[in-house]
Amino acid sequence: MAYWLFKSEPDDFSWDDLVAKGEVGEEWTGVRNYQARNNMRKMALGDRGFFYHSVKGLEIVGIVEICTETHPDSTADSDKWDCVDVRAVMPAETPVSLDTIKTHPDLQDMAIVKQSRLSVAPVTEVEWAVLCAMLGVEG
DNA sequence: GCCAACGTTGGC
DNA sequence: GCCAACGTTGGC
């Protein structure tokens with residue numbers, strides 16, 4: 001299984017919005033960046049990810065699961081953009097802030113530190129384990 | 001194929 | 001609200 005990080009502005013689509021969608025989840029639409037799209041193309045059913053609030057909050061607030069295969073983005077006006085559906089698995093017991101991530105020695109290579117604009121990014125197994133422990137959740 | 005101009009993202 | 005970083009566009 002692979003691990004990922006999804007960023008969203010809470011004013012646009014928040015963790016609570018995803019929780020409200022329940023087991024069915026929601027299409028992760030609107031990605032118009034090739035690198036982020038390519039990351040989504042590598043995702044598989046059952047992969048897990050972090051849900052991060054950008055702009056407002058600046059912290060990881062929950063765990064999501066990829067609940068569809070990659071499929072065309074229904075909101076795109078061309079056929080080159082794909083997405084997956086994600087559903088909320090569990091909230092973070094203790095959200096982890098960007099500031100904390102930036103100061104943790106094991107998390108310096110994360111895209112959120114090095115490439116802040118990438119909205120869908122891969123997470124390594126080590127990063128996953130470290131962050132799950134900090135979040136107070138079972139990876 | 002290069003690069004300047006422009007638009008968007010996201011932290012501060 | 002500002003601005004740095006980055007990606008995309010389009011003229012040459």
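Throughout, a chain's letter reflects where its sequence line sits, starting with A, and its residues are numbered from 1. When reading the values below, keep in mind they use all heavy atoms of this one structure, side chains included, and skip hydrogens, waters and symmetry mates.
- Comparing B:dG10, C:dC6, C:dG7 against the side chain of A:Arg117 picks out C:dC6 as the nearest.
- Using a 4.0 Å cut-off, no side-chain N or O of A:Lys56 falls inside it from OP1 or OP2 of B:dT9.
- Out of B:dG11, C:dG7, C:dT8, the shortest distance to the side chain of A:Leu98 is found at B:dG11.
- One interatomic measurement links the two molecules: CD1 of A:Ile60 to C1' of B:dG10, which rounds to 16 Å at whole-angstrom precision.
- A close approach under 4.0 Å does occur between a side-chain nitrogen or oxygen of A:Tyr52 and OP1 or OP2 of B:dG11.
- Looking at heavy-atom distances under 4.0 Å, A:Leu118 makes no contact with the nucleic acid at all.
- Going from atom NZ of A:Lys114 over to atom P of C:dC6 covers 11 Å, rounded to whole Å.
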Handout entry: Intermediate values then yes/no, ring pair (Phe, Tyr, Trp, His ring centres under 6.0 Å), A:Phe51 and A:Trp4
Key = CA-CA 9 Å; A:Phe51 192 109; A:Trp4 311 94; over 10 Å; no
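- Taking a cutoff of 4.0 Å between a charged side-chain nitrogen and a carboxylate oxygen, A:Asp73 and A:Arg32 qualify as a salt bridge.
- The shortest distance between the side-chain N/O atoms of A:Gln115 and the OP1/OP2 oxygens of B:dT9 is not below 4.0 Å.
- Per the geometry, CG belonging to A:Asn39 stands 13 Å off P belonging to C:dG7, to the nearest Å.
- Put simply, the side chain of A:Val120 reaches to within 4.5 Å of the side chain of A:Met43, judged on heavy atoms.
- Once rounded to the nearest 0.5 Å, the distance linking CZ of A:Phe50 with OH of A:Tyr3 reads 9.0 Å.
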